[in-house]
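Below: one structure, written as structure tokens.
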There are 2 protein chains.
Amino acid sequence: MTREPKKISMKVVPRLSQYYRIIYDRDSKDMVSSNDLSVATGFTAAQVRKDLTYFGQFGYPGKGYNVGELKGSLKRILGLDRRWRVAIIGTGNLGMALLGYRGFREQGFEIVAAFDFDKRKTGRVINGVKVFDIGQLRRVLEKNGINMALLTIPRNSAQNTADELVKCGIKAILNFAPVNLKLPSGVKARNIDMSMELESLSFLSVQNGEQE
Amino acid sequence: MTREPKKISMKVVPRLSQYYRIIYDRDSKDMVSSNDLSVATGFTAAQVRKDLTYFGQFGYPGKGYNVGELKGSLKRILGLDRRWRVAIIGTGNLGMALLGYRGFREQGFEIVAAFDFDKRKTGRVINGVKVFDIGQLRRVLEKNGINMALLTIPRNSAQNTADELVKCGIKAILNFAPVNLKLPSGVKARNIDMSMELESLSFLSVQNGEQE
DNA sequence: TAGATTGTTAATCGATTAACAATC
DNA sequence: TAGATTGTTAATCGATTAACAATC
């Protein structure tokens, strides 16, 4: 297999996701060109080719990329050929919504447990997923081979709980709390901050908005 | 007031949000330096000063920035001194979760209506917000002075519904569907794509992960 | 063959940082 | 005053794009 180079900018990764999404339901026997992907994404064709060559040579000069092969390569590059076993920490509005979302499993992310601090919320089974008391964290994570956590708890308990997760060996955290988590270097995190997105939208609208 | 310059990179906006968040609950009489903000955010102090000077001169050489003044300036820059009246389109898991989230109102984003395609879901009142049939879109948007929409509907109906919103005069859309919406130039959108974030996290973990 | 399209180099563009005079 | 910190310029760094030889 193609050798993974040392350091890839995180800027390319969402673009790889987009390429993957675009070819996801195309016929594996078809070919797709960097220009096709350019049109579909809005990135330049040069950008597309560059992004892909960071990881190897997947194309055929004069022909383009074979959809099936590219799908497989992107899947491997994005780590979607692994088995991700996911815990949801916090069963408030957002945690419950994610629990009910079927799209994740399809992409290879399987939600296998949920946790809450509130005894009144624990013990329930939602969508086939049991809600455990946070005190059971280590036991349940280990027993179920969980290797990813979605953090959907309030801001002020996020750092402490993240620390707990790290102690239990979790190395991948998707954080929805509006805090910059401090994490040891081996632990990877991504943040989704909805308030920040609303503010960006607000900014855009005000800066070059309608009747200003 | 300070003159807004022509073109600001969208890269600065999330940083402004962070500065705002950090000083949000500090005493307005205090001073904060670019170095303080650097430590709190992880950006360089030069970055902090540069970001702010795009919008004017807010600091006092030798002193730093006055928290109260900076808070006010950032609020204005981000458009949070406006009144945002928000509709949620789609009352599935995610739409319902956003409906129940109290944090938005505090930041000036007031959810005033929800919409769904499914007649069985309309008519209900959740958290004080009524769920209307999508057929009522124009009437309800206009009657309530709604100027922002959160799009939480499945992928395949997202573009059509966004077109409807645009026709009704909506100029700001926060899109949760995993599609690149095609929108006329006056309409601003931001995307939150949870699957893409999961994929980025997966990539990070696999590329420079544990035992590779 | 002629036409299409890759992979890659070099040129361009844009964003970040270092450094420092001006200011309090 | 001495020390601190801004605003801003110039230097650096990194990412994007244009261009084209190699390939099918």
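So that the names make sense, note that chain A is the first sequence line, chain B the second, and so on, each numbered from 1.
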Once you apply a heavy-atom cut-off of 4.0 Å, does A:K50 come out as touching a base, just sugar-phosphate, or nothing?
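Since a base atom lies under 4.0 Å of A:K50, the category is base.
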At under 4.0 Å between heavy atoms, what does A:Y65 touch on the DNA or RNA strands: base, sugar-phosphate, or nothing?
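Touches sugar-phosphate only.
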Send over the distance from [X] [atom1] to [N] [atom2], rounded to a whole Å.
{"X": "B:N35", "N": "D:dG7", "atom1": "CG", "atom2": "C1'", "answer": "16 Å"}
{"X": "B:Y54", "N": "D:dT6", "atom1": "OH", "atom2": "C1'", "answer": "16 Å"}
{"X": "A:M10", "N": "D:dA15", "atom1": "CE", "atom2": "C1'", "answer": "15 Å"}
{"X": "B:F43", "N": "C:dT16", "atom1": "CZ", "atom2": "P", "answer": "9 Å"}
{"X": "B:D36", "N": "D:dT5", "atom1": "CG", "atom2": "C1'", "answer": "11 Å"}
{"X": "A:K11", "N": "C:dC13", "atom1": "NZ", "atom2": "C1'", "answer": "14 Å"}
{"X": "B:L52", "N": "D:dT6", "atom1": "CG", "atom2": "P", "answer": "9 Å"}
{"X": "A:Q47", "N": "C:dG7", "atom1": "CD", "atom2": "C1'", "answer": "15 Å"}

What are the two closest non-hydrogen atoms of A:S17 and B:M196, and how far apart are they?
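Of all heavy-atom pairs spanning A:S17 and B:M196, the closest is CB-CG, 3.5 Å.
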Looking at [X], does any N or O in its side chain come under 4.0 Å of the phosphate oxygens OP1/OP2 on [N]?
{"X": "A:Q57", "N": "C:dG7", "result": "no"}
{"X": "B:T53", "N": "D:dG7", "result": "no"}
{"X": "B:R49", "N": "D:dG7", "result": "no"}
{"X": "B:T44", "N": "C:dT17", "result": "yes"}

Taking A:D51 first and then A:R15, would you say they form a salt bridge - that is, a charged N and a carboxylate O separated by under 4.0 Å?
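The answer is yes: the pair qualifies as a salt bridge.
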Between A:E142 and A:R138, is there a salt bridge with N-O shorter than 4.0 Å?
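Salt bridge present between A:R138 and A:E142.
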Which is it for B:V112 and B:V86 under the side chain to side chain contact (heavy atoms under 4.5 Å, CB included) test, yes or no, and what are the steps along the way?
CA-CA 6 Å; B:V112 292; B:V86 180; 6.0 Å; no
Where each residue is assigned the nucleotide of DNA chain D containing its nearest heavy atom, which of A:P61 and A:A46 is assigned the position nearer the 5′ end?
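Mapping each residue to its closest nucleotide by heavy atoms, the 5'-most match is A:A46.
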Main-chain N/O of A:S33 paired to A:D36 side chain as donor or acceptor, under 3.5 Å
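Yes; at least one donor-acceptor contact below 3.5 Å.
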Quick one: does A:S38's side chain have a donor or acceptor within less than 3.5 Å of a partner on A:S34's backbone?
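No, the answer is negative, given that no donor and acceptor are paired below the 3.5 Å cut-off.
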Out of [options], whichever nucleotide has its closest atom nearest the side chain of [X]:
{"X": "B:R15", "options": "C:dT16, D:dT5, C:dC20", "answer": "C:dT16"}
{"X": "B:S33", "options": "D:dC24, C:dT6, D:dT6", "answer": "D:dT6"}
{"X": "B:S9", "options": "D:dT17, C:dA15, D:dT23", "answer": "C:dA15"}

Could you walk me through whether B:K7 and B:Y54 satisfy the side chain to side chain contact (heavy atoms under 4.5 Å, CB included) test, starting with their C-alpha distance in whole Å, then the side-chain angles of each, then the deciding distance to 0.1 Å, before giving a yes or no?
CA-CA 10 Å; B:K7 193 59 190 167; B:Y54 286 129; over 6 Å; no
Given that both pair distances must be under 3.5 Å and the pair must be Watson-Crick or G-U, what runs of three or more consecutive pairs involve DNA chain D?
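Counting only runs of 3 or more consecutive pairs, the stems involving DNA chain D are C:3-24 with D:3-24.
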